[in-house]
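Take a look at the structure set out below.
Protein chains get the first letters and strands the later ones, always in sequence-line order, with residue 1 at the start of each.
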Amino acid sequence: MIDFADVAMRLFENMYYLVSVILFVIGFHTMLTHSNLIKKVIGMNIMDTAIFLFFVSTGYVQGGVAPIIEPGVEQAYINPLPTALILTGIVVAVSVTAFALSLVVKIYEHYGTLDAEEIMRIRSTES
Amino acid sequence: MTFINVIHAHSTVLLIVSFLLFSFLMPILERWKNSWCATMAVAAHVLAFVFIGNLSWRVFTEGTIHYELGGWSPPWGIEFVVDYLALFMLITISTVSFLILIFGTVDLTHELKPKVLGLYYTLYLLLVGAMMGLAVTNDFFNMFVFMEIAAISACGIISVKSDRECVEASFKYLMLSAVGTGCVLLSVALLYMIGGHLNFAFAAAAIQDVAHIYPNNILVALALFSVGFIVKAALFPLHVWLPDAPSSAPSPSSAILSGLVIKIYTVVYLKLLYKVFPIELFDLLPVFDMILILSALSIFFGSIFAIVQEDIKRMLAFSSIAQIGYVFLGIGLANSTGLTGGLLHIFNHAMMKSMLFLSAGAIIYCTGIRKIDDLKGIGLKMPVVMGAFTIGAMAMVGIPTTNGFISKLYLALGTLDANKHFYLAIILISSFLNCLYYFPIVINAFFGESEEEDGEEEIQVKKLPLRMSVPLIILGAGCMIFGIFPKYILVIIERAVEMIL
Amino acid sequence: MGETTTSFLPVFVTLFPMLMTLAIYYVQKESAKLRNKLSVITSIITFIAVAAMYPQIIRGDILVFELFEIIPEMGFVGTFRVDILSFCLALISSFVWMLATIYSIDYMSHEHAQNRYYPTLIFTLGACLGIFVAGDFFTLFIFFELMSVISYVLVVHEETEEALKAGYKYIIMTIIGGLALLLGVINTFELAGTVSLEHTGMITTASGLAFATFIAYIIGFGMKAGMFPLHVWLPDAHPVAPAPASALLSGIMLKTGAYGLFRVFFNVFNVEFLQETNWIFVVTVLAVITILLGSAVAITQYDLKRRLAYSSIGQMGYVLLGMSLFTEAAILGAIFHIFSHAFMKGCLFICAGAIIVKTGKRDVRELGGIGIKMPVTMIAFTTASLAMIGIPPLNGFLSKWNLALGALDGGAPFYVVVLLISSLMNGLYYLPIIINAFFGEEVLHQEIKADDVPFKMLLSIVVLAVCCLIFGVSPINLPFDLSRMATDLLIGGGI
């Protein structure tokens, strides 16, 4: 017999991971199943955010504070490295998004639609 | 003599920094002296040759180079490692991209608007720099950053033509590569969770210690890495972006994408498999068998799809999917002969495929023909181009005295060493399939009846500029030379394999 | 047993034509005449170089040379090695090649794309000799592939739709054969650890892989030798090529397959093993089918060159049958038939070329009365045809006699019956041509002067016909002596 309370408790304790996995799946699903190009880009962003959340939470220590070390004060600090890395990751994600959106603009100019299936139909009828 | 000392001490990082520096100079140059861009891009490559020469001399005399960025020793600092594997990739990348660039300096003026020409070189140098970074990096996060740089700049050089096929292909590539890098970053996070290190060597040691406590973490990380790199390296069934991307892009972009970009991800994957993940893990999860199955599918279906293509560049792109399967086959065999074959095929295929794409580009440049059926009788009008194409085709099929034969031979012996005869059959069948789609082109080009369309339009052929024919001749000669004397490249590869296993 | 001597000659005969190809290619821009002369000189020098090995070979020496190392640590090195069997094949090849080149000069003078023809012809000579002088299976495979792929250019020379179709069939089958051969070589290396021809009986334990190797070799070499059921490319490819090229394709290049099979049976495996496991029976059965099928289908063909091509299939069956019986006389017959068939079929094809050039007729029914118009050509044709049928004292008789003796020695008189039936069928398709040519009603209304075939063509035709005649039962019979020595070598296991 599985102790549901225990499972729920453990899930609650690892809430960040749980949430980031859910977000990841939502993003991934949006990206692959929606035919609207903008929605694909949004899905990509949700997915990236999920990964960032996951990465940052690996460095989190329960009850820790920002690692600004004052002499003489004993305190639990969170690991600053993931946070620093994710800063870079966010910059990368922003630039990828910008690039993707610029491509979407170009596609719209060429086809007059943002629907991937519509674009496919246009291409197949023309060629 | 301090200058030489600086080069000697820092050539690892200078190699990458010089590419980045030159690429950022390009937009400025473009406004100031537009005609200098191409020369400067070539200069960056020449400079890179100096650094790589220095590196290879040091690797051969002193052994593996560990370079600590900014003097911070790992695990705190970022570390670059130049071993034989990295050196092999550096040499491959620099040589092939140099030749593609020389070709591109003429071809691009024809294919692109003059406005974006300077920016193209920016992206090109960024891409080459990022690939070199991937070859030497020894750090997870650096790897991620270089992957993103490579992905964005690769998308850039596809979409630079800004007609609709290019933009669409570029978007497709960007989305899939975002999935790929996302998976990779997630698995980096999973490994960081349990290991607490980002440096490959330290992470490997830490993971080894805790592997029995958190096997699931490592397995999920391995799965995500595999998915990420398979998307990036365009292995079947995640190859969908590749045929669109190179077939619509300018020829130099297609050449570098098919010839080099997909290879560098295989090498990084190889590095991760052997350097980071503990060996016991592979008993738990038959990852090598999975790679073998995927590579066999890739080899088979890549060739099958290539047969039915009408557009010459699209056909070449599908053929790349089959050929990347060979490289993965070498990795999956996991014995020294097979791995040698796989790595050798990276080098050989980089030469063959870039040569084929460049000759396709030259055909398009001179005649404007893209359809395979229209190429009848072109061989006598463009002997250099079709000669190079013929050599490339023969290398693809694996006719002896071309380099493709040597790598196939190694792979075939590797399958026997690993006692997996089925894959030997796959190699032989795919050689035959290659022949089915390459030889008709060559035959048509040289022996097609040209009297059929007497009154109709004769194919107009422009003269091929010297800067386009020389890279083709060099690559063609290279294919033959490394087919007869493969030992010159095997020197590096064998040491690399020895080090990996 | 002679000793092993290092000699540069084997390398020379291979690489010299290949290098001269470049020279010929560049010379042709200057003058066509110089190109033709250079081609002939190259083929003559090559023949002399091959013949120069004779004194050492006849002593029983083995000439070796190590040229370059491809992948040294894996045993894949470019070694060259000439023993008496290699020498036999190299000698006959370079001889017929020389005559074919001389013949080409007049024959090709009105053809298109000669600039492509001559370099290809000479390069193929180098590659073909390379097969015979190679010292290991790996080198052999390289030259085999080179020859097969390059000779594609000869096959499609006419560039008609028919030729292109036949050429496509040829190249596809060649690639399949090449891959099968590669499989065989790789398997041999895996099982035996070596592919050098110095060893005999490299594989002597029966296993699935060993059988796969055997089959792979049979497919690879059998494809080239026109063995049933892998012969399908041959009747299409040989007739469409220009006459001298078809003479070489049928007369010489088919023999590379036979040579390869000799090496497989005696070097990779050995006689005892193949007989013990009964694998050789596969070859015997296929050889019998090849003989009967080739001869039977030839009767139904009315295109002259196509009939000759089918006849080639039948004749290669003799060679395969002889080598698969493993008795001394049979092997002697097989090797001698390689010589005989090269002379006979070379002669027949270039005669056919001369006839087609002069009359423009390819159909055998339309060749009535041609014997009177072209007496020399037709007499040569007759000689070679009679040799094909096996009329004594021509050379075809001698090889068939030995094959029959070998079959009886092996206690298998059935094969003698096969030989007789096929000889009968040979008669059925060769004799009508001859009878029609000399005694038939003249259907040709075209005016041709008596034998105005150019001298150089006539020379080659006559030389080959004379070879058919004198290498029959004459007392001085160099090919027969060489074949006997080669047989001793093979049977003695002293390779």
**Prompt:** In terms of heavy-atom proximity below 4.5 Å to chain A, should Val179(B) be classed as side chain, backbone, both, or neither?
**Reply:** both
**Interatomic spacing from CE in Met47(A) to CG in Leu186(B) - rounded to 0.5 Å** = 9.0 Å
**Item:** Distance-minimising heavy-atom pair for Phe99(A) and Ser170(B)
**Value:** CZ-OG, 4.4 Å
**Neighbour count >12 (heavy atoms, 6.0 Å) for atom OH, Tyr108(A)** = no
**Asked** Got a second to check how far Lys40(A)'s NZ is from Leu174(B)'s CG, nearest 0.5 Å?
**Response** 12.0 Å
N/O donor-acceptor pairs under 3.5 Å from side chains in residues 112-119 of chain A, not counting sequence neighbours:
{"unit_1": "Thr113(A)", "atom_1": "OG1", "unit_2": "Asp115(A)", "atom_2": "N", "d": "3.1"}
{"unit_1": "Asp115(A)", "atom_1": "OD1", "unit_2": "Ser35(A)", "atom_2": "OG", "d": "3.4"}
{"unit_1": "Asp115(A)", "atom_1": "OD1", "unit_2": "Glu117(A)", "atom_2": "N", "d": "2.9"}
{"unit_1": "Asp115(A)", "atom_1": "OD1", "unit_2": "Glu118(A)", "atom_2": "N", "d": "3.2"}
{"unit_1": "Asp115(A)", "atom_1": "OD2", "unit_2": "Ser35(A)", "atom_2": "OG", "d": "3.1"}
{"unit_1": "Glu118(A)", "atom_1": "OE1", "unit_2": "Arg121(A)", "atom_2": "NH1", "d": "3.1"}

**Interatomic distance, Met120(A) atom CE to Glu168(B) atom CD [nearest 0.5 angstrom]** = 8.0 Å
**Asked** Above 12 or not: heavy atoms from other molecules or residues under 6.0 Å from CD of Glu109(A)?
**Response** yes
**Message:** Could you report the tightest heavy-atom contact between Met44(A) and Met175(B), atom names first, then the distance?
**Reply:** SD-CE, 3.6 Å
**Item:** Listed once per pair and sorted, the side-chain hydrogen bond (donor to acceptor under 3.5 Å, both in side chains) pairs that draw on residues 82-107 of chain A, sequence neighbours left out
**Value:** Asn45(A)-Thr97(A)
**Message:** Shorter than 4.5 Å, heavy atoms on both sides: which option in Leu37(A), Leu32(A), Thr58(A), Ile51(A) has the most such pairs with chain B?
**Reply:** Ile51(A)
**Request:** Kindly compute the distance separating CG (Leu185(B)) from CZ (Phe54(A)), expressed to the nearest 0.5 Å.
**Result:** 10.5 Å
**Prompt:** Is there side-chain contact between Phe55(A) and Val188(B), with heavy atoms separated by less than 4.5 Å?
**Reply:** yes
**Fill in**
Within residues 146-159 of chain B, contacts to chain A at heavy-atom distances under 4.5 Å involve Glu148(B), Ile152(B), Cys155(B), Gly156(B), Ser159(B)
**Message:** For the interface with chain B, which of Val56(A), Asn79(A), Leu103(A), Asp48(A) has the highest count of heavy-atom pairs at distances below 4.5 Å?
**Reply:** Leu103(A)
**Asked** Does the side chain of Tyr111(A) reach to within under 4.5 Å of the side chain of Val167(B), using non-hydrogen atoms?
**Response** no
**Request:** Output the distance between atom CG (Leu85(A)) and atom CZ (Phe141(B)), rounded to the nearest 0.5 Å.
**Result:** 4.5 Å
**Request:** Could you list which of residues 192-211 of chain B have a heavy atom closer than 4.5 Å to any heavy atom of chain A, in residue-number order?
**Result:** Tyr192(B), Met193(B), Leu198(B)
